[in-house]
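Working notes, beginning with the structure itself.
Lettering of chains follows the sequences in order, A, B, ..., and the numbering in each one begins at 1. Because the structure is predicted, anything quoted here is derived from the model rather than measured.
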2 protein chains.
Amino acid sequence: MAEQAPQGRRERKKAATRAALASAALRLCSEHGVDQVTVEQIADAADVAPRTFFNYFTSKEEAVVAGNAVTAEILVDAFTGRPADEPVTESLRHALHAVVTDPGYLDRFMRLRALRTHPAVVAHHMAAYGAQERELAAAVVARTGTDPASDMFPTLAAAATVTALRVAVQHWLGDHGTDPREPELTQLVDEAMAVFEAGLPAATGVPV
Amino acid sequence: MAEQAPQGRRERKKAATRAALASAALRLCSEHGVDQVTVEQIADAADVAPRTFFNYFTSKEEAVVAGNAVTAEILVDAFTGRPADEPVTESLRHALHAVVTDPGYLDRFMRLRALRTHPAVVAHHMAAYGAQERELAAAVVARTGTDPASDMFPTLAAAATVTALRVAVQHWLGDHGTDPREPELTQLVDEAMAVFEAGLPAATGVPV
DNA sequence: GGCAAACTTGCACGCAGTGCACGTTCGCGC
DNA sequence: GCGCGAACGTGCACTGCGTGCAAGTTTGCC
C-alpha cells in the first residue's frame, strides 16, 4: 500500500533491478557465504554492470537485507487495513499475523538464518528492524492522531510489536536450544505480544 | 562485574589498546565525520600500527560503537546487584536508572548523535543494542532460573528494557521534534518502562 | 635463563566503494 | 512524431578497507 502507483517504465525498471539485485544478493550469499560472494557476481546474476550495483546499494550487506522492506510494508498495510475503531494493540497483533503467515517472509528468513554469524549482516538486519519500527510508528501516529513529539506511545507500541516479532522468530529458530513444545511461529508471536499487552509483571516466572 | 579480574600486564595492555582505539575512533569520527576519517588516523591517534587496528575491530563502524559494551556492563551489573527477591521489572527499572545517570553514557551518546545519519554506524549501533539485550537476558535467566528454551520471558523482559532505553533516548534527542515538556531522560526512561510494566493498552492515547 | 604462546607490525593483494564523464533511454511538452 | 532535458547505466580510475602471511617482539611461566 505504501505506493501502488502504476508508474512509468523507468520506475518499474528501477524497482525490478533493485529487486533482482537484492534477490541475487540474498540467494548467493546464503548459499556460499557473504565473504565468498563478490559484488561482481551479484551484479552478473542480476544482469547489470558491477558499477550499477552501487547505484542501488552502498554495500553487500544492505542488499542482502533489503528484502525486509516488504516485511515493513506488510506490517503497515495490515495495520492500516484494520478498522479504525479497533484497539491499537489488537490491530498490531493482526498485523503480526499477516507477517508470519506471508509465505515470502519465512522464505527470506530461512535464508537470512544462514548468515546469523556474520556481524555486518546482523547489524544491517537490526537496522532493518529499526526501519520497520519507524514506519509502523508513523502508521500508529496516523491512526491515533497523537503528537509523537510529546507522546512516546506510538513509538513504544511499534517498537514492542517489532520486538515481539523479533524475539518470537529468534526463539523459533532455536537461539536458546530447541523449545520442547515446538510451537508454531504464529503462537509464539501471540505469546510475545500478549506479554506486552498484559504487562511484563503478569508474565513473570510463568512460561508464556 | 562482568570480569574484574586484576589480570596480567598482557591482558591490561590489550584492554587499554582496545579502549584507546575505540575512544579515538569515536572522537575522530564524531568530529570530522566517519567518511573523513581513515583507519590509519585512528591507529595513529591510538599510537599503534594500522594493521593492529584490525586485530581488534573488523571495521571502523565496529570501533565507533564499541563503547556501548560498557553500557551493557552497567545494565547487567546494576541488575545483578539488586536483591534477588525484588520483582524483576523493578530491578530492570533500577538498572536503567544506573545507565542514564552514568556520566560516561550521555557523553558517548552525544558523540554518537552526530553520526545518526551514517547508515553503517546506525546499523552497528542497533547491533550493540542487540548485544545488550542478550547479556541482560542471560542475567534475567540467572535470576529467575527459568529455561530460556521454553520460556520467552527473560528475552522479552530484556528486550523491553533495552527498547525502553532506546526509545526514551531517541525521544529525548528529539527525533520527532522537541517535546514541549522537555522532560529529563530519567523521567522518559521511567515512562517508557512503565508502559511495558502496565501493558500497552493501559497507555493508549494518554500522553505517557 | 629459556621456551612457548600471544601480540605487533610490515608487506602484499583483492575487493569495496565512489567521483567523474559519456552514452543511452525515458518522460514530456510541442 | 520531434526533440529536449533529465534520469539512468556503464566504464574508468583511484583511494582505502580488510585479510593472509611471515617475520620480529613482548609476556607468562617453569
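When the side-chain nitrogen and oxygen atoms of B:Thr52 are compared with OP1 and OP2 of C:dT9, one or more of them lie within a distance under 4.0 Å. In this structure, B:Lys13 does not reach the D:dT26 phosphate: none of its side-chain N or O atoms is under 4.0 Å from OP1 or OP2.
Look at NZ on B:Lys14: it is 12 Å from C1' on C:dT8, rounded to the nearest Å. Look at CD on A:Glu11: it is 11 Å from C1' on D:dC8, rounded to the nearest Å. The separation between B:Phe54 atom CZ and C:dC15 atom C1' is 13 Å, rounded to whole Å. At whole-Å resolution of the value, NZ in B:Lys60 and P in D:dC17 are 5 Å apart. Rounded to an integer number of Å, the gap from CZ of B:Arg51 to C1' of C:dC13 is 12 Å. Counting to the nearest Å, the P atom of C:dA16 and the CD atom of A:Gln41 are 9 Å from each other. Between the C1' atom of D:dT10 and the CG atom of A:Leu21 lies a distance of 14 Å, rounded to the nearest Å. The separation between A:Glu40 atom CD and C:dA16 atom C1' is 12 Å, rounded to whole Å.
Annotation: of the two residues near DNA chain D, A:Tyr56 and A:Asp35, the 5′-most nearest-nucleotide partner is A:Tyr56. Sequence order on DNA chain D of the closest nucleotides to A:Asp47 and B:Glu61 puts A:Asp47 first from the 5' end.
Side-chain atoms of A:Leu188 and B:Met152, non-hydrogen and from C-beta on, do get closer than 4.5 Å to each other. Within the 4.5 Å cutoff, side-chain heavy atoms of A:Leu156 are placed close to those of B:Phe196.
Using modelled atom types, one finds no donor on one side chain facing an acceptor on the other under 3.5 Å when comparing B:Thr161 with B:Arg93.
Taking only side-chain atoms of A:Thr58, from C-beta outward, the nucleotide of C:dA16, C:dT18, D:dC17 with the closest atom is C:dT18. Out of C:dA5, C:dC26, C:dT8, the shortest distance to the side chain of B:Arg10 is found at C:dA5.
The aromatic rings of A:His125 and A:Tyr129 sit parallel, their planes meeting at an angle under 30°, below the 60° perpendicular limit.
A salt bridge is defined here as a Lys NZ or Arg NE, NH1 or NH2 lying under 4.0 Å from an Asp or Glu carboxylate O, and B:Arg166 with A:Glu133 meets this definition.
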